[in-house]
Amino acid sequence: MLRRIEQIVREEMNRAGAIELFLPVMQPRDLWERTGRWESFDPPLMRMKDRNGREFCIGPTHEENITSLVAEDVTSYKQLPLTLYQIQTKVRDEMRPRGGLIRVKEFIMKDAYSFDIDRAGLDLSYDKMYDAYVTIFERIGLDVEIIRADAGSMGGFDTREFALLCENGEDTLYKCDKCDYSSNAECAACRAPEALEVEPAGKPELLDTPNARTIEQVTDMLDVTPDRLVKTLLFNTREGFFAALVRGDRELNEQKLAAYLQAGDIRMATEEEVEALTGAAVGFAGPVGLPDDVRIIADPEIAAMSDFITGANQTDAHIGGVNVGADFEVTEYADIRNAVDGDGCLECAEGHLRSYRAIELGHIFKLGTRYSEALDALVQDENGRQIPMVMGCYGIGVSRIISAVVEQCHDEKGIIWPRSVAPFEVVILLLDPDDEQLAAVAGELHDDLSARGVRVMLDDREERAGVKFNDAELIGYPLRAVIGKRSKESGEIELQVRRDGRDLRVSGAAAGDEIEEVLETL
RNA sequence: CGGGGCGUGGCGCAGUUUGGCUAGCGCGUCGGCUUUGGGAGCCGAAGGUCGCCGGUUCAAGUCCGGCCGCCCCGACCA
């Protein structure tokens with residue numbers, strides 16, 4: 001079954017012009033230092049030392065490795081475009097593995113990497129992989145969603161995820177109920193309300209909120225709902241401090257924020273920094289009265305709020321009746337919060353976003369020159385100049401597909417393997433294995449089908465009929481052929497399609513042809 | 001890393017609160033007879049260092065201390 005999936009992936013990669021290879025599992029620290037990922041990729045990086053104390057990681061992905069390999073062997077634009085791939089076990093020290101085979105520390109992945117002379121070439125290579133992915137999932141029989149996604153620690157742009165909607169998935173995505181917008185939750189864009197909810201009325205007033213540091217504590221103490229609050233999150237970057245404002249019941253999305261700022265490393269201010277900046281203990285920060293050089297980035301939703309409550313920059317106090325403009329100025333507005341179910345769709349301005357659980361099966365990225373520059377993967381162009389190759393990378397979670405197929409293809413009786421990946425397409429249930437005549441019929445059918453290239457299993461165990469029927473359904477053979485006493489009387493073999501329960505009777509002599517025909521429809 | 005739960009025949013569990021003498025149950029396994037087209041029935045049998053180490057006690061699966069392993073939830077949100 002795993003091999004079937006691998007084979008489909010391999011065939012489509014080859015068809016798309018990619019070349020298979022096999023990269024080292026152990027990768028030296030030095031290589032990862034050069035791209036800065038020894039540190040930045042840290043949580044999932046599985047590190048180890050050899051007997052001499054030299055440090056390695058066990059490959060969680062192979063951008064570094066492939067880029068340094070290609071850097072050595074490819075020197076001219078004439079050798080491009082080039083797409084290489086491998087199917088290999090990856091190791092990631094996940095914080096918490098979960099979900100059976102869905103999120104584990106060790107998994108099989110197909111990873112491909114493209115190298116081009118320029119952006120236009122990358123776009124072509126990327127489109128080929130995109131099409132190959134569509135074909136792969138079609139052939140397997142999985143109904144995947146193609147969604148926008150964040151590039152995360154891989155870096156890159158124009159990334160797309162291939163995801164299967166599934167209640168047991170580890171991922172959340174949003175789809176618009178009107179247009180075809182769909183996105184991973186980590187970067188789903190949402191439309192802000194346009195008008196003020198209420199005309200501002202109040203003047204700011206200081207509220208006594210001893211020890212109320214969290215939204216929950218403040219709302220309990222003041223007896224208000226969290227959407228009346230604005231929370232102020234302070235960050236530190238190379239360019240200085242800034243404040244991020246979101247409504248009290250929303251979650252800030254750091255990936256969106258980092259993407260908006262085009263800053264790789266933002267981090268929340270430390271306790272000491274918050275105290276120095278606000279003059280108050282942590283938990284009472286607010287936008288009113290912050291130092292002028294602190295940029296204030298607010299979610300657009302804030303613009304639609306009036307007379308809200310924020311931290312007072314005073315320990316044990318908040319301010320109510322606050323309004324943008326009257327009491328402080330927002331430096332800039334940006335979509336920096338997590339989308340929630342029911343948010344307006346930014347794409348079509350009419351629809352609303354709905355959330356779904358999903359399993360991420362594939363992810364494709366345009367990387368640009370991030371890795372080729374860091375690792376000196378240069379080629380000469382037509383004019384003899386040394387330029388970095390333009391890269392893309394493309395992954396499929398091969399072992400995870402097994403879970404995905406079972407999630408999508410099952411009923412209360414068990415698995416229903418799609419024929420494309422089924423370990424066996426047909427099971428022959430020989431109900432009376434002691435009957436020599438029937439056993440001979442079953443044996444001949446088995447040999448006939450095998451000779452035709454059909455993957456067939458013969459169940460001639462000494463079990464009762466009920467056991468065999470139930471096992472066949474649990475295991476999920478796409479097609480079942482029954483040979484028993486009734487066959488003896490009628491000369492017929494009974495076929496049943498697992499997927500829809502369709503029954504067929506065929507004469508023993510024609511069984512091979514008939515089975516092939518039925519399989520063609522599955 | 002923080003929180004919760006669990007470790008008892010091959011598998012799934014009960015028993016632990018309130019210590020008590022042969023540690024039970026279901027499934028599976030083995031043998032016999034019957035049954036034989038939708039997970040068989042009856043009879044009989046085998047199989048357990050109760051995660052590990054130490055302590056309390058006349059007596060420990062049960063109480064106390066330490067350790068190990070597995071599972072689940074959460075994780076900088078002011």
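Residue numbers begin at 1 in each chain, while the letters A, B, ... track the order of the sequences.
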With sequence neighbours excluded, residues passing side-chain hydrogen bond (donor to acceptor under 3.5 Å, both in side chains) with A:Glu425: A:Arg419
Please walk me through it: do A:Glu329 and A:Thr331 pass side-chain hydrogen bond (donor to acceptor under 3.5 Å, both in side chains)? CA-CA 6 Å; A:Glu329 295 296 338; A:Thr331 317; over 6 Å; no
For residues 277-288 of chain A, please give each side-chain donor-acceptor pair under 3.5 Å, one per line with the distance, not counting sequence neighbours.
unit_1	atom_1	unit_2	atom_2	d
A:Thr278	OG1	A:Val274	O	2.8
A:Thr278	OG1	A:Ala280	N	3.1
A:Thr278	OG1	A:Ala280	O	3.3

What integer number of Å spans the C1' atoms of B:rG74 and B:rU56? 38 Å
With rounding to whole Å, what would you report as the distance between B:rU16 and B:rC64 at their P atoms? 14 Å
Which label fits A:Phe424 and A:Tyr477: parallel for a plane angle under 30°, tilted from 30 to 60°, or perpendicular past 60°? tilted
Check step by step if salt bridge (charged side-chain N to carboxylate O under 4.0 Å, His left out) holds for A:Arg148 and A:Glu161. CA-CA 6 Å; A:Arg148 291 154 203 262; A:Glu161 241 177 65; over 6 Å; no
Test salt bridge (charged side-chain N to carboxylate O under 4.0 Å, His left out) on A:Glu473 and A:Arg498 and set out the steps. CA-CA 7 Å; A:Glu473 279 152 0; A:Arg498 175 71 176 87; over 6 Å; no
Salt bridge present between A:Asp503 and A:Arg480 (N-O < 4.0 angstrom): no
Suppose you measure atom P in B:rC72 against the same atom in B:rC13; what distance do you get, rounded to whole Å? 14 Å
Just call it for A:Glu473: base, sugar-phosphate, or nothing, with non-hydrogen atoms closer than 4.0 Å on any strand. base
Using atom C1' in both nucleotides, what's the gap between B:rG12 and B:rC6 to the nearest angstrom? 14 Å
Rounded to whole angstrom, note down the C1' distance from B:rG24 over to B:rG65. 30 Å
Contact class for A:Val246 vs. all strands (heavy atom < 4.0 Å): base, sugar-phosphate, or nothing? nothing
Separation of the C1' atoms in B:rA14 and B:rG54, to the nearest angstrom: 28 Å
Report the residues that fulfil side-chain hydrogen bond (donor to acceptor under 3.5 Å, both in side chains) with A:Asp447, sequence neighbours left out, ordered by chain and then residue number. none
Heavy atoms only, 4.0 Å cut-off, all strands: where does A:Asp471 land among base, sugar-phosphate and nothing? base
Taking C-beta and beyond as the side chain, do A:Ile416 and A:Pro478 meet within less than 4.5 Å on heavy atoms? no
Let's test your reading of the pairing rules: Watson-Crick or G-U wobble, both distances under 3.5 Å, then write RNA chain B as a dot-bracket string with ( ), [ ], | and dots. ((((((((.[[[[.)....(...]]]].((((((.....)))))).....[[[[[..)....]]]]])))))))....
When we call it a touch if two heavy atoms are under 4.0 Å apart, what does A:Leu234 touch: a base, just sugar-phosphate, or nothing? base
Among side-chain atoms of A:Thr35 and A:Glu64, is any donor-acceptor pair under 3.5 angstrom? yes
Decide whether A:Tyr260 and A:Glu332 meet the rule of one side-chain donor and one side-chain acceptor closer than 3.5 Å. yes
Inspect the contact between A:Arg461 and A:Asp471 and indicate whether a charged nitrogen and a carboxylate oxygen are less than 4.0 angstrom apart. yes
Among residues 483-495 of chain A, which residues get a heavy atom nearer than 4.0 Å to RNA chain B? A:Gly484, A:Lys485, A:Arg486, A:Ser487, A:Glu494
In whole angstrom, give me the gap between the C1' atoms of B:rG48 and B:rC25. 14 Å
Scan A:Arg103 against the nucleic acid and name what it touches under 4.0 Å (heavy atoms): base, sugar-phosphate only, or nothing. nothing
Which is the 5'-most and which the 3'-most nucleotide of RNA chain B that has an atom under 4.0 Å from a heavy atom of chain A? B:rU35 to B:rA78
Could you measure between the two C1' atoms, the one in B:rU22 and the one in B:rU18, and give it in whole Å? 22 Å
